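Take a look at the structure below.
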Amino acid sequence: MEVRDLHPWPTSAAEAKAIQDGLRPLLDLGTPGPAEPRTVAGLDVSYAGDGTGAPLAAAVVVLDTTTLAVLEESVAVGRAAFPYVPGLLAFRELPTLMDALRALKTTPDLLVCDGYGLAHPRRFGLACHLGVLTGLPTIGVAKTSFVGTFTPPAPQRGASSPLVNDDEEVGRALRTQDNVKPVFVSVGHRMSLDNACRTVLRIARHRLPETTRRADRLSRDALSGA
DNA sequence: GCGACAG
DNA sequence: ATCTTGTCGC
């Protein structure tokens, strides 16, 4: 698929934050997004070490939303492009993730990212960044909380409670299975929070969406050479 | 100032 | 993210 060119790369945390602030106005947060996406892509990254330059593998797996069958897979290997700094995760993984996306023959209807979208200190997490660079609807699904507070949702699958930060609902704690810890869903680009949660429930057979599980396994295998 | 902090 | 054993439960 076609993706936008990468912007100049930051060499400091201050520059990275400035880039996030500059790109944030490009976000489309007013459209509900596809009600019936036919294809959904999951993205994830595995690492071999720490710090800048650590070897990593970025994977993208495209699934049929209805059957959850794998339609296409793409993996790219590279190096961490930035140190890990909470709030600047995108700068670590973006170049290799973009390589994997560029190699895709099909263009997914939605991108499900491992991490956050608007539930971010500057409202511009990895899912937002990937949304601006690809132009596609994106959402973020994270395993742990980062910003905001929430009250535990009811124990039933489908229950949710708002993730609040600065008096804003920046995401939702969503129970994807009965009696299982909730995941944290937030919007990235061209998608409403309601639609994001509804879609996550449709593709989740376990705690994490199938998209994320498939991408996690693919990136891990690519790093181990198998 | 101190701790917490997506992956 | 990654380093790691056994164990409880569907």
Side-chain angles (χ1 to χ4, degrees), chain A residues 10 13 16-17 19-20 23-24 42-61 75-98 100 111-131 138-150 155-157 163-166 168 170-189 193 196 200 204-209 211-226:
Chain A
K17 289 176 183 176
I19 289 172
Q20 292 180 327
L23 294 178
R24 187 155 28 87
L43 294 74
D44 194 27
V45 175
S46 291
Y47 295 84
D50 280 298
T52 307
L56 58 78
V60 181
V61 179
V75 204
V77 293
R79 305 249 167 196
F82 210 78
Y84 172 67
V85 180
L88 301 178
L89 171 68
F91 296 95
R92 202 165 161 65
E93 324 187 318
L94 226 33
T96 313
L97 277 173
M98 292 289 278
L111 261 37
V112 177
C113 310
D114 196 43
Y116 281 112
L118 288 184
H120 177 277
R122 285 170 300 284
R123 304 287 182 273
F124 202 76
L126 176 64
C128 297
H129 212 136
L130 278 166
T138 62
I139 64 175
V141 178
K143 296 176 276 303
T144 61
S145 65
F146 181 29
V147 295
T149 57
F150 68 99
Q156 293 77 32
R157 167 185 161 92
L163 221 200
V164 179
N165 187 216
D166 295 328
E168 279 180 78
V170 297
R172 221 166 265 171
L174 175 67
R175 197 87 68 179
T176 52
Q177 293 300 322
D178 289 351
N179 299 93
V180 163
K181 284 196 306 179
V183 295
F184 301 87
V185 179
S186 60
V187 161
H189 186 57
L193 187 53
V200 167
R205 306 169 132 227
H206 301 286
R207 180 182 178 229
L208 295 176
T211 40
T212 303
R213 291 166 50 91
R214 290 309 249 269
D216 177 79
R217 178 165 209 184
L218 181 56
S219 64
R220 213 173 290 236
D221 289 350
L223 208 52
S224 312

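Each chain gets a letter, A, B and so on, in the order its sequence line appears, and its residues count up from 1. Keep in mind that what you see is a predicted model, and the values were worked out from it rather than measured. What's counted below: heavy atoms across the whole structure, side chains too, no hydrogens, waters or symmetry copies.
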Exercise for review: Give me the first and last nucleotide of DNA chain B, going 5' to 3', that has any atom under 4.0 Å from a heavy atom of chain A.
Suggested key: B/dC5 to B/dG7
Going by heavy atoms in the side chains, are [X] and [Y] under 4.5 Å from each other?
| X | Y | answer |
| --- | --- | --- |
| A/V170 | A/S186 | no |
| A/Y116 | A/V147 | no |
| A/R123 | A/N165 | yes |

Check your understanding: Which is true for A/G87 with a 4.0 Å heavy-atom rule: it touches a base, it touches only sugar-phosphate, or it touches nothing?
Key -> base
Review point. Within the structure shown, what part of the strands sits under 4.0 Å from A/Y116 by heavy-atom distance: base, sugar-phosphate, or nothing?
Key: base
Check your understanding: Considering residues at least two apart in sequence or located in another chain, which fulfil the salt bridge (Lys or Arg N to Asp or Glu O under 4.0 Å) criterion with A/R213?
Key -> A/E210
Point to revise | Exceeds 12 heavy-atom contacts within 6.0 angstrom, atom CZ of A/R217 | key: no
Check your understanding: Would you say A/R214 has more than 12 foreign heavy atoms packed within less than 6.0 Å of its CZ?
Key -> no
Exercise for review: With a 4.0 Å heavy-atom cut-off, tell me which residues in residues 76-85 of chain A come close to DNA chain B, sorted by residue number.
Suggested key: A/Y84
Review point. Quick one: NZ on A/K17 to CZ on A/R122, what's the gap to the nearest 0.5 Å?
Key: 5.0 Å
Check your understanding: Once you round to the nearest 0.5 Å, how far does CZ of A/F184 lie from CZ of A/F146?
Key -> 13.0 Å
Exercise for review: Return the minimal non-hydrogen interatomic distance between A/A173 and A/F150, and the atom names on each side.
Suggested key: CB-CD1, 3.7 Å
Study note, to complete from the structure: Taking pairs as Watson-Crick (N1-N3 plus N6-O4 or O6-N4) or G-U wobble (N1-O2 and O6-N3), each distance under 3.5 Å, the stems of three or more consecutive pairs with DNA chain C are none
Review point. Can you list the steps and then say if A/L94 with A/L126 is a side-chain contact (heavy atoms from CB on, under 4.5 Å)?
Key: CA-CA 8 Å; A/L94 226 33; A/L126 176 64; 3.9 Å; yes
**Study point:** Dot-bracket summary - DNA chain B, pairs being Watson-Crick or G-U whose distances fall under 3.5 Å, with | when paired to another strand
**Key:** .......
Point to revise | Segment of DNA chain C, first to last nucleotide, that comes within the 4.0 Å heavy-atom reach of chain A | key: C/dA1 to C/dT2
**Study point:** A/R79 side chain to A/A54 backbone, donor-acceptor under 3.5 Å
**Key:** no
